[in-house]
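Encoded as structure tokens, the structure appears first; notes follow it.
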Amino acid sequence: MQTRARSSQTIIELVQGDITHQDTDAIVNAANNSLLGGGGVDGAIHRAAGPQLLEETRTLGGCETGDAKISRGYRLKARYVVHAVGPVYRPNHPDVPRLLASAYRRSLEVAAEHDIHSIAFPSISTGVYGYPVAQAAPIAIATVCDFACSNPQFEIVRFVLFDSGTMRAFADALKHLIAQRPDLTDVS
Ligand code: APR
């Protein structure tokens, strides 16, 4: 199973685990438009970061679907949390893939404005928001690689997948991307 690839200066890696345990400079939250917390990853990150996270996100004025905003990480190992809002899945709706890609890209654009060299993503929108992971994983992997692999600031981009089915979907997507991109080398 392909779980790690290298471009010139960036490692793209997949791990199965809990994103709140990651020691990357930033972790990405699968948030909702209110940025006031919720269940899933959002709930786990707010629980691990402590109440100061909500105190800060209250001041951010919400977040559009497909966009991302940054906060501090407080009690998390990560110094920053990038709150990204993915789309709620609607079959055959043209905006849905575009908004999912945008959530990943905006997360990296926001991270690039800060001293962030390593970042961990969850599988955005594939839980409560119902995005089939087989459709979401290729969008996630390609979007992140397009941006991060041409931006020397990012040394490590990690996807932290919570269950084996999601891990397998992302590993399959990474395998296909390695086959398509001569600049990517499998270093699993
Ligand atoms: N670490 C990593 N991944 C996790 C964790 C965790 N601690 N907890 C859940 N996940 C996984 C889920 O299994 C799923 O694969 O994150 C993925 C995204 O699921 P959700 O957290 O439900 O996020 P999403 O589908 O984007 O829905 C967002 O759910 O929690 C609410 O407030 C949130 O309204 C927003 C909506």
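Just so you know, residue 1 is the first one in the sequence shown, and it goes up from there. Read the numbers this way: they start at 1 and go in the same order the structure lists the ligands and their atoms.
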For atom 1 (N) of ligand 1, the closest protein heavy atom turns out to be Ile19 N, 3.0 Å
Residue pair Ile70 / Val82, side-chain heavy-atom distance below 4.5 Å: yes
Would you say that Pro51 contacts Arg75 through its side chain, given a criterion of any heavy-atom pair below 4.5 Å between the two side chains?
yes
the protein heavy atom lying closest to atom 21 (O) of ligand 1 turns out to be Val41 N, 2.8 Å
- Heavy-atom check, side chain of Tyr131 versus side chain of Pro97, under 4.5 Å: yes
A student checking ligand 1 against Ala44 at a 4.0 Å heavy-atom cut-off should list atoms 7 (N)
In this structure, atom 7 (N) of ligand 1 is nearest to the protein heavy atom Asp18 OD1, 3.1 Å
Compute the minimum heavy-atom distance from Ser125 to ligand 1 and say whether it is under 4.0 Å. yes
heavy-atom search around atom 36 (C) of ligand 1 in the protein gives Tyr129 CE1, 3.4 Å
The single option from Thr20, Asp23, Ile19 that satisfies side chain to side chain contact (heavy atoms under 4.5 Å, CB included) with Leu76 is Thr20
For Leu60 and Lys69, the nearest pair of non-hydrogen atoms, with its separation, is O-NZ, 2.6 Å
Notebook entry, point to check: N/O to N/O below 3.5 Å, does that happen between Val128 and ligand 1?
Noted result: yes
Atom 14 (C) of ligand 1 sits nearest the protein heavy atom Thr126 OG1, 3.9 Å
| said: Below the 3.5 angstrom mark, is there an N/O of Thr20, backbone or side chain, next to an N/O of ligand 1? | reply: no
When distances are taken from atom 12 (C) of ligand 1, the protein heavy atom at minimum range is Phe162 CB, 4.4 Å
**Prompt:** Does at least one non-hydrogen atom of Ser123 fall below 4.0 angstrom from an atom of ligand 1?
**Reply:** yes
Looking only at protein heavy atoms, what sits closest to atom 25 (O) of ligand 1 is Gly127 N, 2.8 Å
Side chain proximity check, Pro122 to Ile124, heavy atoms < 4.5 angstrom:
yes
Closest to atom 34 (O) of ligand 1 (heavy atoms only, candidates Asp42, Asp163, Ile45, Asn32) is Asn32
Going by atom types only, do Asn33 and Thr65 share a side-chain donor-acceptor pair under 3.5 Å?
yes
Flag for His83-Asn29: side-chain donor and acceptor within less than 3.5 Å | yes
Under 4.0 Å between heavy atoms, the region of Ala30 that gets near ligand 1 turns out to be both
Practice prompt. State yes or no: are the ring centers of Phe121 and Phe159 separated by less than 6.0 Å?
Written response: yes
closest protein heavy atom to atom 31 (C) of ligand 1 is Gly39 N, 3.6 Å
Open item on the list: Let's go through Arg105 and Asp146 carefully: what are the C-alpha distance in whole Å and the side-chain angles of both, what is the deciding distance for side chain to side chain contact (heavy atoms under 4.5 Å, CB included) to 0.1 Å, and is it a yes or a no?
Closed with: CA-CA 9 Å; Arg105 189 179 312 106; Asp146 284 351; over 6 Å; no
